[in-house]
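Everything below concerns the one structure shown next.
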Amino acid sequence: MSSVTMKHIYKKYAGGVIAVTDFNLDIEDKEFIILVGPSGCGKSTTLRMIAGLEEISEGELYIDGKLCNDVPPKERDIAMVFQNYALYPHMTVYENMSFGLKLRKTPKDEIRRRVEEAAQILEIEHLLDRKPAALSGGQRQRVALGRAIVRNPKVFLLDEPLSNLDAKLRAQMRSELTKLHKKLDTTFIYVTHDQTEAMTMGSRIVVMKDGVQQQVSTPQDLYQNPNNRFVATFIGSPAMNMLDDSKLTEKDGKLYITFGDEQDNATIEVPESIASKPAVRSYIGKEVVMGIRPEHVHDEAIYLNNYPQYKCTVTVDTVEPLGSETNLFLIIGGKQFTARVDPTSTAKMGDKIEITMEAERMHLFDPETEKCIDL
């Protein structure tokens, strides 16, 4: 078993700075958990508290049901992989991978068996006699992982391990780490600021902001059902469109939402699946923030014909062709708006065009609390 439980964890520094606030999380055995958020949100501090490298100011940390607040790092049976790899430059790959086992006075035969086994898993058997200076970034990353694997820890902690790699290698290593997790069949806790890494690797994601958990869920649920504005805009690229100062009105039993001011506005119907919710109806006559993802905004005829009740006229500000798709940066009701459309789109800068939305996929947020009101 390699479960981790954190109950009401706080990290407070001298001078009253609170880096992590009331952090609660149950990590099940063999899970791949991702802590994601912008720089300074407390994710690495949380990981270091699990490792024992940072003291817990308040709260309780359990590893396999054992209270570990005061347990030294070396006795927690965890292994940590750092952003900078932390390899010893004067040692060979074999020596780097075996160093921790030698300190524990593991028998030589056992050390060799474990190192060769880890090297085989990571496909670095041919590098065992090289030193770090002779390795590429991706190879150094594998060595750092190998050094952790040989210890057979209960929990792997990975702190932004791919951030020093180029984009192509990062994509490859994401896939390799996912496969490695399945091979090792143990618990991974992974910190990143990259939402693509979080979405593609984690079984569950913890979104953090300013030291506070915002939402914990599966990647798909976070994407489809964000519980607040921050999660909605942090997860997904391009980010979810947010139309502030939108207003809900009711006419002839139907709900409508208007963007922009009276001189330059756009109005669409609110789908019944959203309009019927009591929380949404309590905002009739009030301002809300409407959010919708760029891929749910269309300029193709088939969508314009299928969703006429969600149609409006916009101005094309910029066109960004990406080969497999095109991003249209639009002005709607005086607000900026992005549509991810088919690459065959003929829209040009300055054009006035009609767009429509898959409005069943919109979300409405309270402008003050920023909480989603349609879940």
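- Looking at heavy atoms from C-beta onward, E176 lies in side-chain contact with R142 at the 4.5 angstrom threshold.
- Under the rule for a side-chain hydrogen bond (donor to acceptor under 3.5 Å, both in side chains), T21 has no partner lying at least two apart in sequence or in another chain.
- For residues 356-375, no pair satisfies ring-ring contact (aromatic ring centres under 6.0 Å, His included), with sequence neighbours left out.
- Under the 4.5 Å side-chain heavy-atom criterion for Ile, Leu, Val, Met, Phe, Trp and Tyr, V155 and V216 are members of the same hydrophobic cluster.
- For E117, the salt bridge (charged side-chain N to carboxylate O under 4.0 Å, His left out) partners are R113, not counting sequence neighbours.
- Rounded to the nearest 0.5 Å, atoms CG (D317) and CG (D351) are 12.0 Å apart.
- The hydrophobic clustering, which links ILVMFWY residues whose side-chain heavy atoms are closer than 4.5 Å, places M242 and M290 apart.
- Salt bridge annotation for D159-R48: absent, with no cationic side-chain nitrogen under 4.0 angstrom from a carboxylate oxygen.
- Contacts of S163 classified as side-chain hydrogen bond (donor to acceptor under 3.5 Å, both in side chains), with partners at least two apart in sequence or in another chain: Q83.
- Annotation: side-chain hydrogen bond (donor to acceptor under 3.5 Å, both in side chains) contacts of K30 (sequence neighbours excluded): D185.
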Would E58 and K11 count as a salt bridge (Lys or Arg N to Asp or Glu O under 4.0 Å) if you check the C-alpha gap in whole Å, the side-chain angles of each, and the deciding distance to 0.1 Å? CA-CA 7 Å; E58 285 182 35; K11 179 59 187 178; over 6 Å; no
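- With N305 contributing its side chain and A301 its backbone, the two residues share a donor-acceptor pair below 3.5 Å.
- At least one donor-acceptor pair closer than 3.5 Å links the side chain of D374 to the backbone N or O of L364.
- Under the ring-ring contact (aromatic ring centres under 6.0 Å, His included) criterion, the residue pairs touching residues 143-166 are F156-F188, with sequence neighbours excluded.
- At a cut-off of 3.5 Å, with distance as the only test, a side-chain donor of H193 or E160 sits close to an acceptor on the other residue.
- Connection of F23 to I63 is established within a shared hydrophobic cluster, with ILVMFWY side chains joined at heavy-atom distances below 4.5 Å, either directly or through further cluster members.
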